[in-house]
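Below: one structure, written as structure tokens.
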Amino acid sequence: MKNVEHIGIAVKDMEAAEKLFSSLFNSQPYKRETIPSEFVETSFFKVNQTKIELLEATSPDSAIARFIEKKGEGFHHVAFEVEDILAEMERLKAEGFVLLNDIPKNGADNKLVCFLHPKGTNGMLIELCQEIR
């Protein structure tokens with residue numbers, strides 16, 4: 001793992017959250033993107049080298065909607081940049097981690113992604129990200 005790629009925050013209302021974080025960071029989001037396969041809309045801020053991803057459900061059946069229903073708005077996941085997502089997935093499986101997907105998915109911000117089950121990571125959802133070349 002090379003570095004923290006971004007921090008994901010689940011929100012109920014993207015417009016209100018963008019306004020709040022724009023005030024907090026004194027900057028506007030640099031990108032908004034819908035990921036239809038995950039039923040989520042994302043908005044990205046950059047604070048120096050740190051990216052913050054806001055996530056709003058576009059369907060009541062989405063993982064984000066279920067997360068907010070269970071835990072409320074707030075910290076959702078931390079994402080780590082990897083050079084070779086397939087190799088990292090194999091390494092982590094061999095170490096005993098449970099992957100939530102067997103093959104990388106197309107994610108937001110031009111990334112291939114895979115999530116680790118939080119039951120094996122002290123309750124924290126971890127995302128692996130590789131830039132799509």
Side-chain angles (χ1 to χ4, degrees):
M1 295 190 197
K2 294 169 58 174
N3 63 311
V4 173
E5 209 288 329
H6 67 268
I7 297 167
I9 299 172
V11 302
K12 289 181 184 177
D13 180 340
M14 185 65 78
E15 298 295 329
E18 281 183 333
K19 185 176 179 182
L20 180 141
F21 282 92
S22 290
S23 293
L24 179 66
F25 300 142
N26 196 29
S27 68
Q28 298 299 310
Y30 71 86
K31 183 178 198 174
R32 193 188 258 207
E33 183 177 357
T34 301
I35 310 299
S37 63
E38 299 300 314
F39 305 104
V40 69
E41 183 164 7
T42 66
S43 180
F44 284 90
F45 287 85
K46 194 162 188 181
V47 180
N48 294 318
Q49 298 304 311
T50 304
K51 289 195 267 182
I52 305 295
E53 177 187 34
L54 304 180
L55 302 131
E56 177 187 42
T58 59
S59 164
D61 298 327
S62 76
I64 295 300
R66 289 189 306 269
F67 176 89
I68 289 173
E69 185 177 307
K70 185 177 178 181
K71 297 185 177 187
E73 293 181 287
F75 175 79
H76 181 260
H77 69 271
V78 62
F80 293 95
E81 181 182 6
V82 298
E83 192 66 38
D84 182 340
I85 196 166
L86 293 173
E88 194 63 12
M89 289 170 69
E90 286 303 313
R91 182 187 78 78
L92 291 168
K93 273 198 293 192
E95 291 285 339
F97 291 93
V98 176
L99 307 180
L100 292 180
N101 44 299
D102 292 327
I103 58 171
K105 296 180 179 184
N106 287 324
D109 208 26
N110 195 43
K111 303 285 189 286
L112 290 174
V113 302
C114 174
F115 287 89
L116 304 182
H117 199 291
K119 287 183 180 175
T121 57
N122 289 344
M124 185 166 57
L125 184 61
I126 293 178
E127 178 182 10
L128 307 176
C129 293
Q130 177 190 307
E131 186 83 26
I132 297 174
R133 296 176 183 91

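- The shortest heavy-atom contact between Ala57 and Ser62 is CB-OG, 3.1 Å.
- Contact check for Leu100 versus Leu116: no side-chain heavy atoms found under the 4.5 Å cut-off.
- Once rounded to the nearest 0.5 Å, the distance linking CZ of Phe44 with CD1 of Ile52 reads 10.5 Å.
- For the atom pair NZ of Lys2 and CD of Glu131, the computed distance is 9.0 Å after rounding to the nearest 0.5 Å.
- Between Lys111 and Glu5, at least one side-chain nitrogen of the basic residue sits less than 4.0 Å from a carboxylate oxygen of the acidic one, meeting the salt-bridge criterion.
- In this structure, Lys12 does not pair ionically with Glu73, as no charged nitrogen and carboxylate oxygen lie closer than 4.0 Å.
- Counting only heavy atoms from C-beta outward, the side chains of Leu20 and Val11 never approach each other to under 4.5 Å.
- The CZ atom of Arg133 sits 10.5 Å away from the CG atom of Asn110 when rounded to the nearest 0.5 Å.
- Ion pairing between a basic and an acidic side chain is recognised when a charged N comes within 4.0 Å of a carboxylate O; Glu88 and Arg91 show such pairing.
- A donor-acceptor contact shorter than 3.5 Å is absent between the side chain of Asn48 and the backbone of Thr50.
- Counting only distance, with no hydrogens or angles, the side chain of Glu33 and the backbone of Asp109 share a donor-acceptor pair below 3.5 Å.
- Here the shortest heavy-atom pairing between Thr42 and Ala108 reads OG1-CB, 3.8 Å.
- The shortest side-chain heavy-atom distance between Cys114 and Ile85 falls under the 4.5 Å cut-off.
- In this structure, the separation between CZ on Arg32 and CG on Leu54 is 9.0 Å, given to the nearest 0.5 Å.
- With a 6.0 Å radius and a threshold of 12 heavy atoms from other residues, nucleotides or ligands, Asp84 has its CG atom above the threshold.
- Here the CD1 atom belonging to Ile9 is positioned 8.5 Å from the CG atom belonging to Leu55, to the nearest 0.5 angstrom.
- Looking only at side-chain heavy atoms (C-beta outward), Ile126 and Phe115 stay at 4.5 Å or farther from each other.
- Side-chain heavy atoms closer than 4.5 Å link hydrophobic residues (I, L, V, M, F, W, Y) into clusters, and following such links, even through other members, never connects Val4 to Val113.
- Note: His76 and Phe67 have perpendicular aromatic rings, judged against thresholds of 30 and 60 degrees for the angle between ring planes.
- We find the CG-CG distance between Leu86 and Leu112 to be 8.0 Å, quoted to the nearest 0.5 Å.
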Test side-chain contact (heavy atoms from CB on, under 4.5 Å) applied to Ser43 and Met14, step by step: CA-CA 8 Å; Ser43 180; Met14 185 65 78; 3.5 Å; yes
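- For Lys93, the NZ atom counts as densely surrounded, since its 6.0 Å shell holds more than 12 non-hydrogen atoms of other residues, nucleotides or ligands.
- Two different hydrophobic clusters hold Leu125 and Ile68 under the rule that ILVMFWY side chains link at heavy-atom gaps under 4.5 Å.
- Ile64 places none of its side-chain heavy atoms less than 4.5 Å from the side chain of Phe39.
- Below 30°, between 30° and 60°, or above 60°: for His77 and His6 the angle between ring planes is above 60°, a perpendicular geometry.
- The main-chain N or O of Glu18 is found under 3.5 Å from a side-chain atom of Ser22 such that the two form a donor-acceptor pair.
- If you chain together hydrophobic residues whose side chains sit under 4.5 Å apart, Val98 and Val82 never meet in one group.
- Without hydrogens or angle criteria, Asn3 side chain to Glu81 main chain gives no donor-acceptor distance under 3.5 Å.
- With hydrophobic clusters built from ILVMFWY side chains whose heavy atoms lie under 4.5 angstrom apart, Val78 shares a cluster with Phe45.
- Across all non-hydrogen atoms, the minimal contact from Leu128 to Met1 is CD2-CE, 3.7 Å.
- Counting heavy atoms from C-beta on, the side chains of Phe75 and Met124 come closer than 4.5 Å.
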